[in-house]
**Student:** 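This structure is in structure tokens; I'll ask about it shortly.
What you see is a predicted model, and the numbers here were worked out from it, not measured in a lab.
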Amino acid sequence: MPREYKTIREVVGPLMLVDNVENVKYDELVKIKQSNGEERLGKVLEVNEGKALVQLFSSSQGLKISDSKATFLGHGIQLKVSKDILGRVFDGMGRPIDGGGEIIPEQVLDINGAPINPVARNYPSEFIQTGISAIDGLNTLVRGQKLPIFSGSGLPHAKLAAQIARQAKVRGSNEPFAVVFAAIGITFEESHFFIEEFKKSGAIERSVIFINLADDPAIERIATPRMAITCAEYLAFELGMHVLVILTDITNYAEALREVSAARKEVPGRRGYPGYMYTDLASLYERAGRIKGKKGSITQIPILTMPEDDKTHPIPDLTGYITEGQIILSRELNMKGIFPPIDVLPSLSRLKDKGIGEGKTREDHSETMNQLFAAYARGKEAKELSVILGEAALSDVDKLYAEFATKFEEVYVNQGNYTDRSIEETLDIGWKLLTILPTTELKRISLANIEKYLPKVGE
């Protein structure tokens, strides 16, 4: 039940103190109304002995305390949802920005959601095809998984995110598939790029897009990924859809968290980030998964830029603890003109073994994946050795491995922004590359699979 107070005591920057309040809850929404009819929104950051500290969503400039009223609305930030939400574009607070009018809600959901009961979780096991060989073939994405992409500033993670959103599909099923895309703290130019990419490819018909711009308030940035995940939960667990959630850029989200924490004068943790950042990130990532007895699923691809390309920075470090692996983008591959510049050796999908093999991808997938990893690693070592000692120091077999490593990057990893490869194409490219090596070197593949899939000379 909304409660109205005229006891606003002071406003400092985006923070406002309201006295003599009763029954106010943490995270509750507040509407501030001025005598000229102007309204602003805020949310409760802290409640202590009848005093409420409110953070405004917009600037406090021009706010006259003496004639303003604060109305506590009795609920947190909510998202209106219905079947019509697909194909729509919203801002970071869930307001439509595509000119398509308001959503007539079937439900109004609290964006903080509820954690999935661990006992009710179903184990991720079905393959999701992204059309990108370095992911599908070597670091396979599985339905219900959380697989982040670790990038660096200036690397083309935005293009990769748009490509995955366009191409991702659940194979061999007519089950409904949707993409929920949340852009957090991006520029207007980037937001235009994403919306145009979705419209051009027609992917917007099965997508819901949330756009939070860099000049939007920090407190709104904290709400944006929760808006997206709440929308995904509705589509997955109410409408039975398989939903892929792409969140970019989690680094901007963590910066907003630090900003709000500093405004509240909290004791900072590592590098100034709040001590509860692990728990906060987990409250986002752990909303992915599958639930027993429910048809739908939520798969998450959070994307973050590592400050100074540092994997030990708190944001990628904590993300790595919570999620099931990571896809790492390489500056070196990007400089060679390879797209997507995925560095497959330090990348890892911990659930890949659960989503590949006969009936899911193909029976040769696991063996060829292990062989390609091993051959690429040895080829990179051979190339490094030839840089130090010269090519003459390499054996004939080492030279073949070095050639394999070069071709692997140029042909397998490099596929361009608009190539959508089926898993069969990806596996066949892998087999073709393995013909560079003598058959005696293919120690990780069974003779039956070599006989069946290895292209013969002249093929």
**Student:** Tell me, do M16 and S60 make a side-chain contact under 4.5 Å, heavy atoms counted?
**Tutor:** no
**Student:** Heavy atoms, side chains only, cut-off 4.5 Å: are R226 and S283 in contact?
**Tutor:** yes
**Student:** Taking the ring centre of each residue, are H313 and F150 less than 6.0 Å apart?
**Tutor:** no
**Student:** State, yes or no, whether a side-chain contact exists between F408 and V344 at a heavy-atom distance under 4.5 Å.
**Tutor:** yes
**Student:** My understanding is that only one of T224, T248, N212, D280 makes a side chain to side chain donor-acceptor pair (under 3.5 Å) with Y253; could you say which?
**Tutor:** D280
**Student:** Start with the C-alpha distance between Q371 and E367, add both sets of side-chain angles, then the distance that settles side chain to side chain donor-acceptor pair (under 3.5 Å), and finish with yes or no.
**Tutor:** CA-CA 6 Å; Q371 188 65 63; E367 292 180 356; over 6 Å; no
**Student:** Is any side-chain heavy atom of I445 closer than 4.5 Å to a side-chain heavy atom of D364?
**Tutor:** no
**Student:** Before giving the answer on side chain to side chain donor-acceptor pair (under 3.5 Å), spell out for R171 and T361 the whole-Å C-alpha distance, their side-chain angles and the decisive distance to 0.1 Å.
**Tutor:** CA-CA 9 Å; R171 282 164 49 94; T361 52; over 6 Å; no
**Student:** When you check the gap from the basic side-chain N to the acidic O, do E259 and R221 get nearer than 4.0 Å?
**Tutor:** no
**Student:** Q326 side chain to P346 main-chain N or O, any donor-acceptor pair under 3.5 Å?
**Tutor:** yes
**Student:** A quick test of your reading: do over 12 heavy atoms of other residues, nucleotides or ligands sit less than 6.0 Å from OH of Y321?
**Tutor:** no
**Student:** Please check if the number of heavy atoms outside K292 that lie under 6.0 Å from its NZ is greater than 12.
**Tutor:** yes
**Student:** Can you tell me if H75 has over 12 outside heavy atoms packed within less than 6.0 Å of its NE2?
**Tutor:** yes
**Student:** Compute both the distance and the angle, then confirm whether K159 meets the cation-pi test with F339: under 6.0 Å from the six-membered ring centre, within 45 degrees of the axis.
**Tutor:** yes
